[in-house]
Amino acid sequence: MRVVRMEGLGFDEWRNMARELLAEAVPPDGVLWMEEPGLFGQNGVEVADQAREPNGKVRVPATFFDQAKTAAAHRSPERWGLLYRIVWRLSRSEERGLLGCATDPDIRALDHLVRAVRRDIHKMHAFVRFRRVGMREDREQYVSWFEPEHRIVRLAAGFFQKRFTGMDWSILTPDECVHWDGTRLQFTPGVERSAAPEPDELEELWRAYYRSIFNPARLKVKAMQSEMPKKYWANLPEAELIGELIAQSRGRVEDMLAAEERPVKPEPRNAYLKSLRERTEGGEATDPGDVS
Amino acid sequence: MELERKLEILADAAKYDASCASSGGARKDSRGGKGVGSTGGAGICHSYAPDGRCISLLKVLLTNACLYDCHYCINRRSSNVQRARFTVEEVVGLTLEFYKRNYIEGLFLSSGIIQSADHTMELVVSVARQLREVHDFRGYIHLKTIPEASPALIELAGKYADRISINIELPTQKGLNALAPEKNLERTQDAMGWIREKIDEGRERRRSQSGRGGSLEGTLAPGLERKKLGKAVPFATGQSTQMLVGADSSPDAVLLERADLLYRDYRLRRVYYSGFSPIPEPSVRLPVKPPPLVREHRLYQADWLLRFYGFDVRELTSPEQPDLDLQLDPKLAWALKNRAWFPADVNRAPREVLLRVPGLGVRNVERILSARRTTRLRLADLVRLRVPMRKVLPFIVAADHHPAKQGLDSESLRARFLPPPKQLELVFERGPELWLPEPAELETARSGEI
């Protein structure tokens with residue numbers, strides 16, 4: 001049994017290790033990919049290392065390469081073993097149609113990881129909230145604190161770079177932080193929650209908007225929560241309103257239903273309204289087309 | 001009036017517009033510019049309100065003062081709602097400040113009609129112009145347009161916006177005559193037709209430009225782009241509309257036929273259905289009782305069947321039953337009436353037949369087609385794809401499954417799929433539909449995925 005330590009390591013290290021193992025024809029059940037140190041002592045344990053000289057070429061479809069890179073960001077401890085098993089089946093067992101076989105248990109598992117990571121990236125793009133912290137010469141500086149479910153900071157960073165080129169920003173997370181200064185992205189180690197920036201005064205206006213755009217006559221709390229799970233609420237300034245909006249909604253609708261109907265006011269004198277009426281001269285306007 | 005109070009009034013006034021899409025814009029981002037903004041991806045919902053609706057754009061009216069008297073609308077001239085009006089700079093400032101904090105994808109700007117269609121349209125366009133030309137804003141802009149505005153102004157709106165829309169509101173002129181006397185279906189459709197031509201021209205231009213190998217588009221400021229590319233004037237990439245459900249007596253068949261016509265003849269990206277819901281300023285001409293929310297959901301499901309599942313609009317309703325079945329989703333309701341199509345063999349049936357199997361969505365149909373090239377599908381494979389087995393079993397054949405003949409033909413099949421009766425017994429004193437517990441499937445409302 002080969003034991004490979006992967007704690008703190010990523011896709012590139014795994015890829016080099018996998019190449020080596022494939023070249024030596026080590027089957028998937030002959031490798032143990034470990035993320036927790038100490039279980040097996042140090043004897044015979046290999047540490048995956050980016051600097052290792054890969055001594056074998058393995059050809060895999062480009063789509064698998066992208067999927068594997070994404071899946072590697074997942075926190076599941078089983079991901080390295082799964083990825084190695086699929087590479088083995090693609091190259092050693094020559095199962096060429098494997099990736100297209102959506103019902104295969106390994107491909108299902110891979111798809112599951114990839115989708116979870118993609119969803120997390122999407123939610124990070126959606127739920128990061130920047131707070132303005134100052135100016136550097138003529139550039140505004142913004143900072144956000146965010147807690148992603150998976151190790152996605154690097155995968156999610158390019159989006160923010162393209163969108164917020166014209167301002168300086170940092171996103172702080174427990175795993176890793178990313179910073180943009182107008183010329184390059186920089187990555188630094190993760191930080192504690194206490195490093196999060198102070199609230200931004202604009203948040204009061206944002207909450208006013210959130211309160212007003214909500215329609216109490218269409219309460220659908222489950223629909224909201226399936227797209228915006230509670231785990232994200234702590235870092236969303238608007239989330240503190242959710243409880244009171246739900247609590248008040250029934251009373252607000254009852255007031256609407258009990259409200260006295262407003263009479264129709266007469267048409268004001270306005271040249272434009274008059275011209276509209278003239279355009280449909282000759283009686284009431286009728287349906288165009290064959291719909292009635 | 002303080003900015004915060006204006007924002008409250010003018011967001012409240014805009015919330016009855018269901019459209020929230022921020023997808024489908026041409027690819028552009030802020031690299032090489034002096035501001036912020038990007039579009040062209042899938043669109044992002046930055047928050048969700050407890051009504052389950054996504055908050056993607058700053059959706060506000062420029063003013064809620066209005067000359068029109070549309071009876072379903074809180075902003076009609078007969079309403080006593082408090083009026084407010086943003087300055088152009090206020091909307092521009094809010095959009096940029098919200099955007100830079102990553103609250104929104106951009107701006108969805110609409111307005112009550114003041115003075116005239118052209119005057120209103122000019123104000124709306126000037127907000128977009130300032131965002132694009134003064135601040136080099138490259139985020140998403142959706143502008144509501146007025147069909148009676150002059151073509152030159154609508155063209156200008158299309159230049160600055162990623163999406164423009166005109167709300168059709170009701171599917172027939174008869175309904176409009178009764179509830180929105182200033183609105184005219186023919187003029188609306190004429191304007192939609194004209195916008196469609198502009199969108200098509202824009203698409204052609206983009207195609208021929210990318211054919212020359214240039215990816216200039218979107219990486220330069222809009223002004224610069226026009227100079228560099230000569231005649232190539234950018235234009236919005238799509239238009240959408242909204243129809244109210246339950247404000248007039250139009251049955252689902254009429255709503256769906258209108259939607260189908262708009263998709264086919266005017267190439268609309270989306271038709272939004274907005275179930276009429278009570279407003280704080282009720283009109284004497286409107287029903288007090290709103291339609292059940294599930295009706296709107298069924299319309300979205302039917303809309304999805306038209307656009308992605310190959311259904312013809314006439315298959316979903318009939319002259320005898322012009323409304324969709326509220327208790328069953330429209331695909332299942334269709335399948336129960338068309339049992340001769342089934343059972344469908346998941347290992348042999350063509351795509352268009354698989355798409356008609358209740359419980360099989362577009363994505364799973366693609367997975368099945370791909371997987372069956374290498375394997376014979378069994379029920380365990382479908383379970384792994386998370387296909388809802390109880391729903392599909394009576395309609396499919398798999399390597400290890402053939403549905404019982406009497407099961408498929410039996411009249412009790414419909415009864416099997418009805419929701420448990422206890423859900424329908426919950427009655428409150430007033431407006432019971434509003435407070436019915438949500439069926440699980442309502443969670444996907446407005447996505448329509450079946």
Side-chain angles (χ1 to χ4, degrees), chain A residues 97 100-103 105 108 125-126 128-130 140 142 162-167 200 202 205-206 208-210 212-215 217-224 226-228 236 238 242 245-246 253 256-257 259 261-265 268 270 272-273 276 280 284-289 291-292, chain B residues 4 7-8 11-12 15 29-31 34-36 38 44-52 55 59 67 77-80 97 100-103 116 172-173 177 182 184-186 189 254 257-258 261 277-284 367 370-371 373-375 381 384-385 430-431 434 438 443 445:
Chain A
C101 192
T103 53
R108 284 302 297 154
H125 292 162
V128 154
R129 295 286 183 265
F130 283 117
E140 290 181 294
Y142 290 86
K162 286 185 209 152
R163 174 161 290 194
F164 299 110
T165 310
M167 61 194 221
D200 185 313
L202 247 287
L205 278 177
W206 173 239
Y209 177 69
Y210 185 82
S212 311
I213 204 73
F214 164 62
N215 184 350
R218 305 176 52 103
L219 199 62
K220 285 191 198 168
V221 179
K222 264 201 284 179
M224 168 188 67
S226 74
E227 293 298 335
M228 194 169 82
L236 295 170
E238 66 273 26
I242 291 172
L245 291 177
I246 294 171
V253 177
M256 291 179 206
L257 293 172
E261 291 148 358
R262 310 284 185 253
V264 178
K265 288 181 187 164
N270 170 281
Y272 170 67
L273 284 184
L276 273 188
T280 42
E284 290 200 321
T286 51
D287 255 36
V291 180
S292 58
Chain B
E4 182 169 336
L7 177 61
E8 282 171 357
D12 188 81
K15 72 181 166 205
D29 63 51
S30 57
R31 285 177 298 179
K34 55 191 176 68
V36 293
S38 60
I44 297 172
C45 298
H46 285 273
S47 193
Y48 287 82
D51 51 22
I55 300 176
K59 192 194 301 183
L67 281 170
R77 64 170 188 259
S78 292
S79 152
N80 295 326
E97 294 305 319
K100 287 189 279 193
R101 285 158 182 82
N102 204 39
Y103 301 160
S116 68
T172 66
Q173 186 60 45
N177 287 340
E182 286 83 14
N184 182 286
L185 197 50
E186 192 171 357
Q189 288 190 174
V254 171
E257 275 170 34
R258 179 65 65 189
L261 177 108
S277 71
I279 52 174
E281 292 279 324
S283 161
V284 288
R367 285 181 177 142
S370 160
R373 276 184 225 126
T374 46
T375 179
D381 294 315
R384 240 174 267 129
L385 294 178
R430 190 167 39 194
L434 280 175
E438 301 156 15
E443 284 175 26

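Letters A, B, ... are given to chains in the order of the sequence lines, protein chains preceding strands, and every chain is numbered from 1.
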Exercise. Where on B/Ile279 is there a heavy atom nearer than 4.5 Å to chain A: the side chain, the backbone, both, or neither?
Worked result: backbone
Problem set entry | Any donor-acceptor N/O pair, B/His46 side chain to B/Asn102 backbone, under 3.5 Å | yes
For this session: Look at the rings of A/Trp206 and A/Tyr209 and say which category their plane angle falls in: under 30° parallel, 30 to 60° tilted, over 60° perpendicular.
Result: parallel
Problem set entry | Option that, when pairs with chain A are counted at under 4.5 Å, heavy atom only, ranks first among B/Thr375, B/Val284, B/Thr374 | B/Val284
Exercise. Looking at OH of B/Tyr103 and CD of B/Glu97, how far apart are the two atoms once the value is rounded to the nearest 0.5 Å?
Worked result: 9.5 Å
Seminar exercise, completed: Most heavy-atom pairs under 4.5 Å with chain A, out of B/Lys15, B/Arg101, B/Glu8, belong to B/Arg101
Problem set entry | Donor-acceptor contact present, side-chain B/Ser277 to main-chain A/Ala217, <3.5 Å | no
For this session: For A/Arg108 and B/Arg384, indicate whether the former's side chain and the latter's backbone hold a donor-acceptor pair under 3.5 Å.
Result: yes
Exercise. Can we say A/Arg163 and B/Asp29 salt-bridge, meaning some charged N sits less than 4.0 Å from an Asp/Glu carboxylate O?
Worked result: no
Exercise. What residue, out of A/Ile242, A/Leu273, A/Leu236, has the most heavy-atom pairs lying under 4.5 Å from chain B?
Worked result: A/Leu273
Exercise. How far apart are the C-alpha atoms of B/Arg367 and B/Asp381, what are their side-chain angles, what is the distance that settles it, and do they pass the side-chain contact (heavy atoms from CB on, under 4.5 Å) test?
Worked result: CA-CA 11 Å; B/Arg367 285 181 177 142; B/Asp381 294 315; over 6 Å; no
Problem set entry | Largest heavy-atom contact set with chain A, pairs under 4.5 Å, which of B/Glu182, B/Glu281, B/Glu186 | B/Glu281
Seminar exercise, completed: The interface call for A/Leu205 against chain B, heavy-atom contacts under 4.5 Å, is both
For this session: Heavy atoms only, distances under 4.5 angstrom: which of B/Ser47, B/Ser370, B/Ala11, B/Cys45 has the most pairs with chain A? Name it, please.
Result: B/Ser47
Exercise. Is it the backbone or the side chain of A/Asn215 that comes under 4.5 Å from a heavy atom of chain B, or both, or neither?
Worked result: both
Exercise. Is it the backbone or the side chain of A/Leu245 that comes under 4.5 Å from a heavy atom of chain B, or both, or neither?
Worked result: side chain
Exercise. Measuring heavy-atom distances to chain B, does A/Phe164 have an atom under 4.5 Å in its side chain, in its backbone, in both, or in neither?
Worked result: both
